[in-house]
Structures are given as structure tokens and as C-alpha cells.
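Notes follow once the structure below has been shown.
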Amino acid sequence: MMKQLKCLLIAAVLFLGASQIANAQSKTAHVEVNEIMTKMPAILEAQKQLEKLSVEYQAVYKTMGEEYQAKIKKYEGEVATVSEKMNIERQKEVQDMEKRIQEYGQTAQKELQTKEADLMKPIQEKIKAAIQKVGKAKGFQYVLNAESLLLADGPNLTLDVKKELGF
């Protein structure tokens, strides 16, 4: 009798555990965030803005580099015909130009990163809100990013989130 009661108790625990696991699985879905990020019109527009800004920075940087190279070439050609004092001043001028070019490159890179963050933050928040809204509307407790899963065997809400975002 004790043995049967023990078996019955173990069976009940296993049954409850299995039903909890099944319930947890049914409350989990996934979304392919990378797919949304690569096709969302707002992100494509942000990328265009960043590319335009990057091209502008590159053009200025290239012009600065060309001016630097022209000045070096000119000064190298005149090194024997000017005074020692003038050569020292020119050397300092060239070093200052190098410094300005490097600082410009660093500043441009930082400004691009800041602009990217400013453009992407509201878009990412919008995506997150859409995922939460769709997940809640469909009764899911957890919505996971499919790219970070080894096995994404459950409802895929990507299309629903895209509809929520309007594309």
C-alpha cells in the first residue's frame, strides 16, 4: 500500500511538472528583431541620414588631407631657400595641421555615433513597445529575440509586430 501511494505521489508530481512546462512553453513566443531592424522604413531613413552625414565628414577630411599634402610638398621644395627660423615655423604649422586633422576625424566619428544613437533610440523604443503590445494582445508572458535562441520552436510574432509598426 505504501509503495502504491509513493508511486501515485511521484506520478502526480511528474504530471503537475509536465503541465507547468507545457503551460510555460505556450506562454512564450519569439520575434526576429534583426529582420524588423533591417526592413523598417524608419531605420532605412536613419541610415540614409547617417550615410549623408558621413559623406560630408569624409569630404571635409579629404580636403584637409589634400591641403596638408600640398603644404608639405610646397615646404619641402622651399626648405633650402628659406631661413632656419621660417623652416621651424613651417614645421610647427605642419604639426598643428596634423593635430587638427586628427582631432577633426575623432570629432566626426563621435558626432556620427551620437547622431546614430539619437536616431536609433526612439526607433528601438517603438519596436520594443510594438513587441510588448503584440505579445500581450496574443497572451504571451515572454517574447524572445529569435536571433539569440538556439531553437525557436514556438509562435513567431515577427509579422504581427511588423503590422503593428505599419510595414
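Excluded from the calculations below are hydrogen atoms, water molecules and symmetry mates; all remaining heavy atoms, backbone and side chain alike, are included.
For the atom pair NZ (Lys136) and CD (Gln132), the distance works out to 6.0 Å, reported to the nearest 0.5 Å. Of the inter-residue distances, the one linking Asn145 atom CG with Ile36 atom CD1 reads 9.0 Å to the nearest 0.5 angstrom. Interatomic distance, Ile131 CD1 to Asp160 CG, rounded to the nearest 0.5 Å: 11.5 Å. Put simply, CD on Gln58 and CG on Leu53 are 10.0 Å apart, with the number rounded to the nearest 0.5 Å. Rounding to the nearest 0.5 angstrom, the gap separating the CD atom in Glu164 from the NZ atom in Lys126 is 9.5 Å. How far OG of Ser54 is from CD of Glu116: 11.0 Å, rounded to the nearest 0.5 Å.
Side-chain contact between Val94 and Glu98 is present, with heavy atoms from C-beta onward closer than 4.5 Å. Residues Glu66 and Lys62 are in side-chain contact: their nearest non-hydrogen atoms beyond the backbone lie under 4.5 Å apart.
Using modelled atom types, one side-chain atom of Glu147 and one backbone atom of Val33 make a donor-acceptor pair closer than 3.5 Å. Of the possible polar contacts, none joining the His30 side chain to the Leu157 backbone as a donor-acceptor pair under 3.5 Å is found. Side chain of Thr38 to main chain of Asn34: a donor-acceptor pair is present (N/O by atom type, distance under 3.5 Å, no hydrogens or angles).
Linking Ile, Leu, Val, Met, Phe, Trp and Tyr whenever their side-chain heavy atoms come within less than 4.5 Å leaves Leu119 and Met40 in two separate clusters. Using a 4.5 Å cut-off between side-chain heavy atoms of Ile, Leu, Val, Met, Phe, Trp and Tyr, with links allowed through other members, Val31 and Phe167 fall into the same hydrophobic cluster. Hydrophobic cluster membership differs between Leu44 and Val161, with clusters built from Ile, Leu, Val, Met, Phe, Trp and Tyr side chains linked at under 4.5 angstrom. No continuous path of ILVMFWY side-chain contacts below 4.5 Å connects Met86 to Ile72, so the two sit in separate hydrophobic clusters.
Every residue was checked against the side chain to side chain contact (heavy atoms under 4.5 Å, CB included) condition with Lys163, not counting sequence neighbours, and none meets it. Residues passing the salt bridge (Lys or Arg N to Asp or Glu O under 4.0 Å) test with Glu78 are Arg90, sequence neighbours excluded.
In plain terms, the two heavy atoms of Gly105 and Tyr61 that are nearest each other are CA-CE1, 4.0 Å. Across all non-hydrogen atoms, the minimal contact from Thr158 to Glu32 is OG1-N, 2.8 Å. In terms of heavy atoms, Val143 sits closest to Gly135 at CG2-CA, 3.9 Å. Taking both residues in full, the closest heavy atoms of Gly139 and Lys27 are given as O-CD, 3.5 Å, listed atom of the first, atom of the second, then distance. Residues Ile43 and Met37 approach most closely at CG2-O, 3.2 Å, considering heavy atoms.
Between Tyr104 and Tyr57, the two ring planes are perpendicular [angle over 60°; tilted spans 30° to 60°].
Residue pairs meeting the salt bridge (charged side-chain N to carboxylate O under 4.0 Å, His left out) criterion with at least one partner in residues 40-52, sequence neighbours excluded, are absent.
Electrostatic pairing of Arg100 and Asp96 does not count as a salt bridge here, judged by no charged N lying under 4.0 Å from a carboxylate O.
Environment of CG in Leu159: sparse, with no more than 12 heavy atoms of neighbouring residues, nucleotides or ligands closer than 6.0 Å.
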